[in-house]
Amino acid sequence: MATIIDGKLISQQIQEELTIEVNAIKANGSKLPHLAAVLVGNDGASETYVGAKVKACEKVGFKSTMVRLAADTTEKELLFIIEGLNNDPDIDGYIVQLPLPKHIDEQKIMMAIAPEKDVDGFHPQNVGRMALNLPTYLPATPFGIMQLLERYKIDTVGKYCVVIGRSHIVGSPMSILMARNTNPGNCTVTMCHSKTADLKAFTLKADIIIVALGKPEFLTADMVKDGVVVIDVGITRVASTQTKSGFKLLGDVKYDEVAAKSSFITPVPGGVGPMTIASLLVNTLKSSRKEVYK
Ligand code: NAD
């Protein structure tokens, strides 16, 4: 019987821990951690994500600022706003919600964010620090997964870990983190992607599989061995006649049949998803305490 990794519960625990920290900050009259979020345009999904991040800040007692910009904001105007956030001493960290409108070069924007305020951990300087195991802001989703492995005391040392997907926000950082000389970590890692030949040959040997490719129910029971640890990052909205909303969320794992062979597994929803916001808040607290860039 698999242990179901409850990301909702762990995320709540982390947010409760943060509230205690904020109360201590308030009690000694220090400046509250302050996160800003920049949203360009009015993409529905992005509005929901940013709204949830701002709400979570308020819940734990952080200050938050929402910077809403019109869809036709120019790259130059956005760079000007970013310079303002970089130079504002009250803002500890900020995020620029992706995707940006097509006329704005995302890479250029990411590079303009001051690394010490890059609480999403996407700036190349922070990615490099992660690879070198130096203090940094870990990107939110991989950081959340590391927290789940740690808090469920999942033994990773010497294990064989297969990561499916090589995106810059999940697959690639996950493969680096699992291979580092840290705990969790110390795995032997293979990163698989769309051009991998015979993926099943790798997954069948894996002790830990982290699946982040965005293809619903892709990982099936015949691809895994008994006792495997499965972390499902995928979230895809599919039409459903069984829900009021008319859709449901599916992960990248065929849950019931894979769970039957697993020792630990994350559900979708309620697994990795809720951890992302908690990680962002932890990064913001770290920034306000100058724990990464002293
Ligand atoms: P992406 O779309 O940027 O990349 C997908 C990756 O999957 C690519 O690297 C590609 O090489 C690989 N891939 C595609 N088909 C494959 C195949 N047949 N075999 C092996 N590899 C294959 O992905 P992403 O942005 O990392 O997102 C992946 C999923 O995770 C999506 O469903 C996304 O919604 C979800 N996601 C969830 C969270 C969260 O907070 N839970 C955060 C980020 C992404």
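- The existence of a salt bridge linking K102 and E75 is excluded, since no basic side-chain nitrogen approaches an acidic carboxylate oxygen closer than 4.0 Å.
- Under a hydrophobic-cluster definition in which Ile, Leu, Val, Met, Phe, Trp and Tyr are linked whenever side-chain heavy atoms come within less than 4.5 Å, directly or via other members, I95 and F62 are assigned to different clusters.
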side-chain contact (heavy atoms from CB on, under 4.5 Å) for S279 and T141? Distances and angles first, verdict last. CA-CA 7 Å; S279 304; T141 303; over 6 Å; no
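- In terms of modelled atom types and a separation under 3.5 Å, the side chain of K248 and the main chain of Q242 share no donor-acceptor contact.
- A distance-only check finds a donor-acceptor pair linking the side chain of S263 to the backbone of G227 [under 3.5 Å].
- Judged by distance alone, the side chains of N133 and N181 never bring a donor and an acceptor atom under 3.5 Å apart.
- Salt-bridge formation is not detected for the pair D92/K286: no Lys NZ or Arg NE/NH1/NH2 atom is positioned less than 4.0 Å from an Asp or Glu carboxylate oxygen.
- Side-chain contact between P33 and K63 is absent, with no heavy-atom pair separated by less than 4.5 Å.
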Dump the intermediate steps for side-chain contact (heavy atoms from CB on, under 4.5 Å) on S240 and F247, then the final yes or no. CA-CA 5 Å; S240 168; F247 70 87; 5.5 Å; no
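- For the residue pair V228 and A206, the shortest heavy atom distance occurs at CG2-O, 3.6 Å.
- Side-chain contact between D252 and I164 is absent, with no heavy atoms from C-beta onward closer than 4.5 Å.
- Defined by atom type and a distance below 3.5 Å, a donor-acceptor pair is missing between the side-chain atoms of E291 and Y137.
- Using a cutoff of 4.0 Å between basic side-chain nitrogens and carboxylate oxygens, R289 and E21 are scored as salt-bridged.
- For N186 (side chain) and M178 (main-chain N/O), no donor-acceptor pair under 3.5 Å exists by modelled atom type.
- When side chains are defined from C-beta on, Y160 does not count as touching C187, because their heavy atoms never get closer than 4.5 Å.
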Could you go through the salt bridge (Lys or Arg N to Asp or Glu O under 4.0 Å) check for D207 and K225 one step at a time? CA-CA 8 Å; D207 303 305; K225 70 176 184 184; 2.8 Å; yes
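- Checked by atom type and distance alone, the side chain of S30 never pairs as donor or acceptor with a backbone atom of K26 at under 3.5 Å.
- Across every non-hydrogen atom of M111 and P124, the tightest pair is SD-CG, 3.3 Å.
- Side-chain contact check for M174 versus R166: every heavy-atom pair is 4.5 Å or farther apart.
- If you run side chain to side chain contact (heavy atoms under 4.5 Å, CB included) between C57 and each of L32, T284, L18, L35, only L35 comes through.
- Distance CD1/I81 to OG1/T73: 7.5 Å, rounded to 0.5 Å.
- A 6.0 Å sphere centred on OH of Y49 holds no more than 12 heavy atoms belonging to other residues, nucleotides or ligands.
- Put simply, the side chain of S175 never gets that close to the backbone of M191: no donor and acceptor are under 3.5 Å apart.
- Distance alone, capped at 3.5 Å, is enough to place a donor-acceptor pair between the K31 side chain and the D90 backbone.
- The shortest distance between side-chain heavy atoms of I10 and L148 falls below 4.5 Å.
- Checked by atom type and distance alone, the side chain of D88 never pairs as donor or acceptor with a backbone atom of G84 at under 3.5 Å.
- Taking 4.5 Å as the limit, some side-chain heavy atom of L149 sits within range of a side-chain heavy atom of I231.
- You'll find the side chain of T3 reaches within 4.5 Å of the side chain of Y152, heavy atoms only.
- Under the 4.5 Å side-chain heavy-atom criterion for grouping Ile, Leu, Val, Met, Phe, Trp and Tyr, L100 is connected to L79 within one hydrophobic cluster.
- Note on R68 versus E47: salt bridge recorded, some NZ/NE/NH1/NH2 to OD/OE distance being below 4.0 Å.
- Side-chain atoms of N86 and Y94 form a donor-acceptor pair, as typed in the model, at a separation below 3.5 Å.
- Judged by distance alone, the side chains of T74 and E77 do bring a donor and an acceptor atom under 3.5 Å apart.
- Placement of F218 and I208 in two distinct hydrophobic clusters is found when ILVMFWY residues are connected by side-chain heavy-atom separations under 4.5 Å, directly or transitively.
- Donor-acceptor pairing under 3.5 Å is recorded for the side chains of H34 and T65.
- Side-chain contact of N126 with T136: a donor-acceptor pair under 3.5 Å is present, judged by distance alone.
- Criterion: ILVMFWY side-chain heavy atoms under 4.5 Å apart, direct or through other members. Under it, L285 and M146 are part of a common hydrophobic cluster.
- Atom CE of M66 has more than 12 neighbouring heavy atoms from other residues, nucleotides or ligands inside a 6.0 Å radius.
- At least one donor-acceptor pair closer than 3.5 Å links the side chain of D6 to the backbone N or O of K8.
- Formation of a donor-acceptor pair under 3.5 Å by the T203 side chain with backbone atoms of V224 is not found in this model.
- In summary, the side chains of S11 and Q15 do present a donor paired with an acceptor at a separation below 3.5 Å, with no hydrogens or angles considered.
- Around NE2 of H168, the count of heavy atoms belonging to other residues, nucleotides or ligands within 6.0 Å does not exceed 12.
- Between the H123 side chain and the A112 main chain, no donor and acceptor come within less than 3.5 Å of each other.
- Within a 6.0 Å sphere centred on CZ of F80, heavy atoms belonging to other residues, nucleotides or ligands number 12 at most.
- A 4.5 Å side-chain heavy-atom check between V229 and S262 finds every atom pair outside the cut-off.
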